[in-house]
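Heads up, the thing below is written out as structure tokens.
From a predicted model like this one, the values you see are computed outputs, not experimental measurements.
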Amino acid sequence: VWMGIKFLSSLLQDNEETRRIALAQTIGPEEELLFNRIIANFICVLADADLVQVAEAYLLLLITWMSHFPPAQRLFLMEGSNVQFVCVPR
């Protein structure tokens, strides 16, 4: 998992076209956006103390994806639970 996350992060770094293509990707029969699935996975791995490196990789990926890319920032902020999760102290 960690290597795949790092690989995707490398592809997205400083490449707006790749970010745009990746933002439109869906997965699963419900056609959930890949971006939303990554956020959900990040939230899930935070609950497991044994997965600190995976959580760090997810965080790096999300930061890379949203950095200087308003479409991803808007998508992140559109989901109220994302904002609530970020604001709640741990």
Pairwise distance CE(M78) to CG(N36) - rounded to 0.5 angstrom: 8.5 Å

Would you say V52 ends up clustered with I63 if hydrophobic residues are merged whenever their side chains have heavy atoms under 4.5 Å apart, either directly or through other cluster members? no

Please evaluate residues Y58 and L46 with respect to the criterion side-chain contact (heavy atoms from CB on, under 4.5 Å), reporting the C-alpha separation (whole Å), side-chain torsions for both, the decisive distance (0.1 Å), and the verdict. CA-CA 10 Å; Y58 273 122; L46 283 177; over 6 Å; no

Nearest 0.5 Å, please: how far is OG in S9 from CG in L59? 10.0 Å

Quick check: are there more than 12 heavy atoms from other residues, nucleotides or ligands sitting under 6.0 Å from CD of Q73? yes

Is any side-chain heavy atom of L61 closer than 4.5 Å to a side-chain heavy atom of F42? no

Test side-chain contact (heavy atoms from CB on, under 4.5 Å) on I38 and L8; report intermediate values, then the result. CA-CA 11 Å; I38 289 170; L8 182 54; 4.0 Å; yes

Starting from W2 and following side-chain heavy-atom contacts under 4.5 Å between hydrophobic residues (I, L, V, M, F, W, Y), which residues can be reached? M3

How would you list, by chain and number, every residue that makes a salt bridge (Lys or Arg N to Asp or Glu O under 4.0 Å) with E79, sequence neighbours excluded? none

For A22 versus L12, what's the shortest heavy-atom pair and its separation? CB-CD2, 3.9 Å

Where do K6 and L60 land on the side-chain contact (heavy atoms from CB on, under 4.5 Å) test, with the steps shown first? CA-CA 8 Å; K6 294 291 286 178; L60 176 64; 3.2 Å; yes

Does one hydrophobic cluster hold both I21 and M66, with members joined at side-chain heavy-atom distances below 4.5 Å? no

Kindly indicate whether the side chain of N41, heavy atoms from C-beta on, has any atom under 4.5 Å from the side chain of I5. no

Sub-3.5 Å donor-acceptor pair from the side chain of R19 to the main-chain atoms of P71, do we have one? no

Sequence-distant partners of E56, salt bridge (Lys or Arg N to Asp or Glu O under 4.0 Å), two or more places apart: none

Please tell me if the side chains of W65 and L23 come closer than 4.5 Å, counting only heavy atoms from C-beta onward. yes

Taking the side chain as every heavy atom from C-beta outward, state whether Q13 and T18 have any atom pair closer than 4.5 Å. no

Has E32 got a side-chain atom pairing as donor or acceptor with I27's backbone, closer than 3.5 angstrom? no

L62 versus F35: any side-chain heavy-atom pair under 4.5 Å? yes

